[in-house]
There are 2 protein chains.
Amino acid sequence: MRATGGNGNALPAYRRIQATIRKKIEDGRLKPGDAVDSERELAKIHSVSLMTARHALAELQREGLVERRRGSGTFVAPPKLEFNKLMSFTEQMSSRSMPAHSRVLYSTIIRGEHDIAARLALPAASRLFMIERMREAGDEPFALETCYLSADLYAGIAKAQLERGSLFSILEHDYRIVLAYADEDVDATTADPKAAELLGVSRGAPLLRIRQTIFSTDGKAVLYVLGLYRSDRHVLHIRRFR
Amino acid sequence: MRATGGNGNALPAYRRIQATIRKKIEDGRLKPGDAVDSERELAKIHSVSLMTARHALAELQREGLVERRRGSGTFVAPPKLEFNKLMSFTEQMSSRSMPAHSRVLYSTIIRGEHDIAARLALPAASRLFMIERMREAGDEPFALETCYLSADLYAGIAKAQLERGSLFSILEHDYRIVLAYADEDVDATTADPKAAELLGVSRGAPLLRIRQTIFSTDGKAVLYVLGLYRSDRHVLHIRRFR
DNA sequence: AAGTGGTCTAGACCACGGC
DNA sequence: CCGTGGTCTAGACCACTTC
């Protein structure tokens, strides 16, 4: 007998099964706690062997979308909160439904910034875009972010664009860059006169400093961002696992 | 033919296969980049079907221990760095091979600390251990940590004990608590006179403040820790994923 | 007892990689 | 070409939960 459906279409059967379940959950036809079709039911419905149905469910379980209980069944998992998630300023604010603004203070091309070029794995003398932005939440200054990226690889990133959408979305849509993760160094510092004035705090006020290098899925450093956050308006939440 | 070895022993075949591979890697008989036995080889060696051998390798891949390349084979993955890992001070220091000390400054039982009791999901009037510790790395003061835990649930945690081992190991060994994760709030503050003196910095020096609630595997809050870190001696590294 | 997930068999065909 | 991993079959027995 034929083993796999040499079905010609690219999508494996277990993926199709997962898709139907995912869709039911997204549609709301299945809510957290509801029972998903059992392995045997899925096998019959999709004319597939038990192992294949099982494969589909096991992978959904690993993704955290469903929970499986032996002797009992497979159930839609409660919505999982995502921790330590890399989000753009825009995304962060909208996820908390806070009105947010971003203003480009300064934007130029620099050259010869060795440390920053090194963090982006570029030649020391590379031309770099430097963009200084003020982040505001509800008319209150909130953070000062300076970001750097290769001026050669991402030529044409205009100030006008940045006022409109997030840098993340520009990179993802216009440059087909898929961002994957960021390594961040977090420490504390105090406001120097310039930062104090821009952020509207007194000199010497504590600021949270976050230096992040953001990598794309192919492992290349795309962006280096230095952020100074008003400590009275911002707390960084992280979850660590043992 | 018999399907599964109703072998009576508790360990599934795929676990045994994984164990042999893990051991080879730990022993150094397999180094990163080396080829692991293929599915077919493992099936023969362990007298097991292809699917079972496959299951073993697939799970090792998901753990990040091996990489699988179609048409090529299965290879030992380069050692993976662990990010955002919850570690005790002792573990953190030894993982960087830094000589570290910890000194208990103060230890008492308090009562009526509503906010802290609330964070530990205890009644507002609960009795709490409060332990204030100085962390030192190479004779330099480094951090000030105040930790709180239920004095009723963890009676008998003595100062003497704390001088010796880490609180983590006491909880894990003496109280059979398995710690799972911590939620942390990070911000910046400046040194007040007391903190300044203890940490050996000037008043107003920037400090990284980390407030963590540590949970056990059963989802209960076990520990609340307020840490003040000298920003000139400490950077927090985190990785975020998209 | 009936149903569920967990493990397992003894094969099969496919797509891909390296020689 | 041959070996590799990726997908799949049509069953099986076991341990467990629910009724």
Side-chain angles (χ1 to χ4, degrees), chain A residues 1-22 24 30 32-77, chain B residues 1-22 24 30 32-77:
Chain A
M1 144 182 296
R2 283 256 303 358
T4 167
N7 44 22
N9 71 26
L11 210 56
Y14 76 96
R15 293 278 180 207
R16 281 188 283 109
I17 297 172
Q18 289 174 349
T20 67
I21 296 170
R22 265 191 250 272
K24 281 188 185 176
L30 282 176
D34 287 357
V36 175
D37 289 333
S38 73
E39 298 179 352
R40 287 159 179 84
E41 286 168 340
L42 287 173
K44 274 177 202 157
I45 294 168
H46 294 89
S47 304
V48 119
S49 89
L50 215 44
M51 281 298 272
T52 300
R54 173 172 183 69
H55 186 177
L57 289 179
E59 210 171 83
L60 290 179
Q61 176 184 35
R62 285 191 296 271
E63 286 177 23
L65 203 65
V66 303
E67 289 172 359
R68 314 193 72 198
R69 291 196 284 277
R70 183 198 301 220
S72 175
T74 300
F75 305 88
V76 179
Chain B
M1 148 180 287
R2 283 259 293 8
T4 168
N7 43 23
N9 70 26
L11 210 56
Y14 76 96
R15 292 279 181 205
R16 283 188 281 108
I17 298 173
Q18 289 173 348
T20 67
I21 295 170
R22 265 190 250 271
K24 281 187 186 178
L30 282 176
D34 288 357
V36 176
D37 289 332
S38 74
E39 299 178 353
R40 288 160 179 83
E41 285 167 341
L42 287 173
K44 274 178 201 157
I45 294 169
H46 294 89
S47 303
V48 117
S49 88
L50 216 45
M51 280 298 272
T52 301
R54 173 172 183 71
H55 187 178
L57 288 179
E59 209 171 81
L60 290 179
Q61 176 186 36
R62 285 190 296 271
E63 286 178 22
L65 202 66
V66 302
E67 289 172 358
R68 316 192 72 198
R69 291 196 282 277
R70 184 198 305 223
S72 175
T74 300
F75 306 88
V76 179

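Quantities reported herein were computed from a predicted structural model and do not represent experimental measurements. These numbers come from the heavy atoms of this one structure, side chains and all, not from hydrogens, waters or symmetry mates. So that the names make sense, note that chain A is the first sequence line, chain B the second, and so on, each numbered from 1.
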Point to revise | Shortest side-chain distance from A:Arg68, nucleotide among D:dG5, C:dC8, C:dG5 | key: C:dG5
Point to revise | Nearest-nucleotide pick for B:Ser38, side chain only, options being D:dG5, D:dA12, C:dG5 | key: D:dG5
Point to revise | Residue-phosphate contact under 4.0 Å: B:Thr74 side-chain N/O, D:dT4 OP1/OP2 | key: no
Review point. Are A:Arg40 and C:dG3 close enough that a side-chain N or O sits under 4.0 Å from OP1 or OP2?
Key: no
Study note, to complete from the structure: The side-chain contact (heavy atoms from CB on, under 4.5 Å) partner of B:Ile17 among B:Leu42, B:Asp37, B:Leu60 is B:Leu42
Practice item. Look at B:Glu59 together with A:Arg62 and state whether they make a salt bridge at an N to O cut-off of under 4.0 Å. Key: no
Point to revise | Phosphate-side-chain proximity, A:Thr52 and D:dT7, N/O vs OP1/OP2 below 4.0 Å | key: no
Review point. Is there a side-chain contact between A:Val76 and A:Lys24, using heavy atoms and a 4.5 Å cut-off?
Key: no
Check your understanding: Among the nucleotides C:dG17, D:dT7, C:dG5, which one has an atom lying closest to any side-chain atom of A:His55?
Key -> D:dT7
Point to revise | A:Ala13 side chain, from C-beta outward: closest of D:dC8, C:dC8, D:dG6 | key: D:dC8
Review point. Between atom CE in A:Met51 and atom P in C:dG11, what is the gap in whole Å?
Key: 16 Å
Review point. Taking only side-chain nitrogens and oxygens of B:Ser72, does any of them come within less than 4.0 Å of OP1 or OP2 of D:dT4?
Key: no
Review point. What's the OH-C1' distance between B:Tyr14 and C:dG6, to the nearest Å?
Key: 7 Å
